[in-house]
Asker: 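Input: one structure, supplied below.
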Amino acid sequence: MSSPTSPRLSVGRALALGALHGPAELLPISSSGHVALVPWLLDWDYERLDPELRKAFEVALHAGTAAALLITLRDEVGAAVHDLSARRLTLIALSFAPPAVVGYTLERPIESRLGTPPTVAAGLLAGSILMIAADRRPQTRGHEDGGAADALWLGLAQAAALIPGVSRNGATLAAARWRRFTREDANRLSRHVALPVIAGAALLKSVRLKRRGLPPGTALPFAAGAGASFASTLGSTWLIAQVERDRSLLPYAVYRVLLALIALRRLRPRAR
């Protein structure tokens with residue numbers, strides 16, 4: 001997977017990226033965008049790592065976050081499982097199908113062409129515009145009113161969020177708010193449709209990783225990154241309530257715009 005002269009992923013940087021991944025996943029600011037941009041802004045050699053190694057490491061980060069979310073939201077997940085019905089299973093399938101199909105068929109092009117600093121910055125900006133526009137919609141619906149059309153909208157939002165910088169959380173919140181759900185119920189719907197996708201993606205990529213095998217010397221950084229992601233997610237669960245309160249998505253959109261502008265500013269001298 002990597003040559004002897006390729007840069008290696010250090011334990012310290014794996015820990016740092018894992019610590020960053022947890023809160024970035026819980027907020028509508030794009031965890032994948034941060035994992036791509038922050039090392040680049042800090043002049044790390046992360047982007048020079050073997051692409052397969054980077055993808056595998058990011059799977060480890062998502063696995064750590066998914067495990068922490070399952071623990072944190074166990075009561076909510078348990079209640080949802082207890083209340084499963086044919087209608088609810090249909091809604092879950094509709095929200096899961098678009099990201100599953102797009103991720104399975106277009107994973108390679110997305111990762112090779114849309115994970116660069118310019119495209120991440122574009123994803124941050126586009127997502128911010130959609131979040132601001134959707135957050136101005138009236139709040140007239142509760143999560144129990146969700147139907148097939150709502151589930152499909154959330155699924156399409158998750159498919160769009162496969163583009164680094166868009167943010168799965170931000171896209172699904174914007175979709176739910178556009179469908180006139182209250183901010184609290186939009187967050188609930190966002191969490192419920194996210195867990196199957198996060199778990200499914202982690203499982204699929206873990207199977208692929210097992211077939212390829214880990215390069216020598218990477219087990220410890222991978223374990224460190226996954227552990228840090230798990231711990232930082234557990235330690236940041238208060239952010240769920242922070243986003244869920246009756247507050248605007250504007251502060252998160254502003255932060256995303258600022259991060260995108262920093263990246264674009266950094267690109268200008270390089271372009272010259």
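Not measured: the values here are computed from a predicted model.
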Asker: Do the side chains of Arg177 and Arg136 get nearer than 4.5 Å, heavy atoms only?
Answerer: no

Asker: Kindly compute the distance separating CZ (Arg168) from CD1 (Ile163), expressed to the nearest 0.5 Å.
Answerer: 15.5 Å

Asker: Measure across Ala174 and Ala134 and return the closest heavy-atom pair with its distance rounded to 0.1 Å.
Answerer: O-CB, 3.2 Å

Asker: Parallel, tilted or perpendicular, judged at 30° and 60°: which one describes the rings of Tyr255 and His34?
Answerer: parallel

Asker: Between Ser31 and Glu25, is any side-chain donor less than 3.5 angstrom from a side-chain acceptor?
Answerer: yes

Asker: Think Arg266 forms a cation-pi with Trp40, using NZ or CZ under 6.0 Å from the six-ring centre and within 45 degrees of its axis?
Answerer: yes

Asker: Any luck finding a side-chain donor-acceptor pair between Ser229 and Thr65 under 3.5 Å?
Answerer: yes

Asker: Can you give me the closest heavy-atom contact between Arg141 and Asp150, atom names plus distance?
Answerer: NH2-OD2, 2.8 Å

Asker: Is it true that Asn187 and Ser190 share a donor-acceptor pair across their side chains at a distance under 3.5 Å?
Answerer: no

Asker: Looking only at atom types and distance, does a side-chain atom of Ser30 sit under 3.5 Å from a main-chain N or O of Gly165, one as donor and one as acceptor?
Answerer: yes

Asker: Check each of Arg8, Arg13, Arg54 against Asp45 using the salt bridge (Lys or Arg N to Asp or Glu O under 4.0 Å) test, and report the only one that passes.
Answerer: Arg13

Asker: Flag the pair Thr218 / Phe57 as yes when at least one side-chain heavy-atom distance between them is below 4.5 Å, and no otherwise.
Answerer: no

Asker: Before you tell me yes or no, could you show the steps for Thr140 and Arg180 under side-chain hydrogen bond (donor to acceptor under 3.5 Å, both in side chains), namely the whole-Å CA-CA distance, both residues' side-chain angles and the distance that decides it to 0.1 Å?
Answerer: CA-CA 6 Å; Thr140 59; Arg180 298 174 180 262; 5.0 Å; no

